[in-house]
Participant: 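This is the structure, below, for whatever I ask next.
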Amino acid sequence: RRAMRTLPLLLTAPLLYRPSAARCRLIAANDDEVLRRRIASQLRAEEEKLAQEKLVLQSRVADLAAADAREQEIYEEGGGALPVVCLDAMLPRQQLRVETDDDTFCRLLRDVGLGGVFVVTSLHFGQKRLRRSGVLVRVSLVDAPRESDSTPTSVSALLVGRRRVRLRGPPTGLQLRVGRWRREYDDSIVSERALGWGVERFVDRGATSAAAAAAMPAAAAEAAHHTEWSLTPFEVLADADEAPLYEPGGVCDAAWPAEGDSPPPASLVEAAARLSADLEAWRRLAAERSTYDDPAVTAGARARRGEPGLRLDPALLLARVCRDLGPKPPPEAPTALALWGGALINPLPSLGVSTEVRGAVLEAQGAAERVALVQRAVSRSIANLEGRRPLF
């Protein structure tokens, strides 16, 4: 019965409490005002976001312009002083993609910043010493903002080789404070290699006997902690026939030797022409997937050792490398051609089909020696790719 008595009230309740037309208009007006305020708030937030992004973009453009000016000043002055890091050997125009969680390297990349430069050298494995010849590298991309006060836990960056350099110092017994990965620089419980700055020995310019090497003075005492980098003096190396390797009018296209230097001898141009032809033959062989169907072909990029197939597409890799390196220099520019060829047969990331020649090319004395080094390496690599003679 109670349910039957309350049913009419439930059915008529919507009619009893229906708002009037005026109240409906008031509710609609209030809803419109709330909506307008919400839209206005969102528009203001979007405008503030765009203004902030514009400021960041303007700051980066200004940073890049300032970096261009600083780099060009280095070339015009013939050198400078920058942090030096022992990494993989790099040649001009080569690009190295870096993913690191090393605290010191993260801070270095953050502080150098977008467009900044430092020097990269490499290890001479035979002598267990660092090479005094290297390359100036530019931080082309980095995801760590320079204005950040905190040390990033990881950093992604793109390093681009710019110009050849050589560390300043005596021809023998050179010791400098530079960055290198060593176990003793790791402060964590797990013993792993970490980047740190310390005094390192360098390869001599010229032959040094074992007795003379043993008599060299011990490394000097370090004044700073290994996580604090030093500025090391260097000189920029420039050969007149190296200019075709760089974009005309670009930052790197500056401070070359005066025009009028004697052209390379005909015999050197002929040797460079043979090298140019062999580089084309190498590129065709290395880019073809079927080349690696033969397990006898040595290739460090194989998916499984001793089995056909690579873990990467060689054609795509070499196409990107050639795009980074730019057009192949002519034989009339043997230094530029040798540097270009060394970067081609030792690409980043590595195919592992050629002997490592980049460090030796950087330390070579003159264009003829550079061309000969790359020629031997490419001939050896072609024999490997054709299955006639594995590298090892």
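All values derive from a computational prediction rather than experimental measurement. One is the number of the first residue; the rest follow in order along the sequence.
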Participant: Under the side chain to side chain contact (heavy atoms under 4.5 Å, CB included) rule, what do V178 and V119 come out as? Steps first, then yes or no, please.
Facilitator: CA-CA 10 Å; V178 298; V119 174; over 6 Å; no
Participant: When you check the gap from the basic side-chain N to the acidic O, do R283 and E280 get nearer than 4.0 Å?
Facilitator: yes
Participant: Hey, is R320 close enough to D324 for a salt bridge, meaning N to O under 4.0 Å?
Facilitator: yes
Participant: Let me check something: do L344 and L385 share a hydrophobic cluster, defined by ILVMFWY side-chain heavy atoms less than 4.5 Å apart, either directly or through other members?
Facilitator: yes
Participant: Atom CZ of F234 and atom OG of S133: how far apart are they, to the nearest 0.5 Å?
Facilitator: 13.0 Å
Participant: I'd like to know if the side chain of T298 and the backbone of P390 have a donor-acceptor N/O pair within less than 3.5 Å.
Facilitator: no
Participant: Does this structure show an ion pair linking R370 with D239, if we count only N-O contacts that are shorter than 4.0 Å?
Facilitator: yes
Participant: Between CG of L362 and CG of L237, what distance do you get to the nearest 0.5 Å?
Facilitator: 9.0 Å
Participant: Between E356 (side chain only) and R358 (backbone N and O only), is there a donor and an acceptor less than 3.5 Å apart?
Facilitator: yes
Participant: Kindly compute the distance separating CZ (R166) from CZ (R131), expressed to the nearest 0.5 Å.
Facilitator: 14.0 Å
Participant: Mind telling me whether W229 and W197 have parallel, tilted or perpendicular rings, with 30° and 60° as the class edges?
Facilitator: tilted
Participant: Could you go through L337 and D241, starting from their C-alpha distance and side-chain angles, then the distance that decides it, and tell me whether this counts as side chain to side chain contact (heavy atoms under 4.5 Å, CB included)?
Facilitator: CA-CA 9 Å; L337 179 62; D241 67 321; over 6 Å; no
Participant: Rounded to the nearest 0.5 Å, what separates atom CZ in R193 from atom CZ in R183?
Facilitator: 5.5 Å
Participant: Begin from the C-alpha positions of V155 and V142 and carry the test side chain to side chain contact (heavy atoms under 4.5 Å, CB included) through to its verdict.
Facilitator: CA-CA 7 Å; V155 171; V142 64; 3.8 Å; yes
Participant: I'd like to know if the side chain of T335 and the backbone of E242 have a donor-acceptor N/O pair within less than 3.5 Å.
Facilitator: no
Participant: Check this for me, if you would: do D68 and R138 make a salt bridge, where the nitrogen-to-carboxylate-oxygen distance has to be below 4.0 angstrom?
Facilitator: yes
Participant: More than 12 heavy atoms of other residues, nucleotides or ligands under 6.0 Å from CZ of R389: is that the case?
Facilitator: no
Participant: Report the C-alpha distance between F118 and D111 in whole Å, list the side-chain angles of each, state the deciding distance to 0.1 Å, and finish with yes or no for side chain to side chain contact (heavy atoms under 4.5 Å, CB included).
Facilitator: CA-CA 11 Å; F118 61 96; D111 292 354; over 6 Å; no
Participant: How far does CZ of R93 sit from CZ of R323, to the nearest 0.5 angstrom?
Facilitator: 12.0 Å
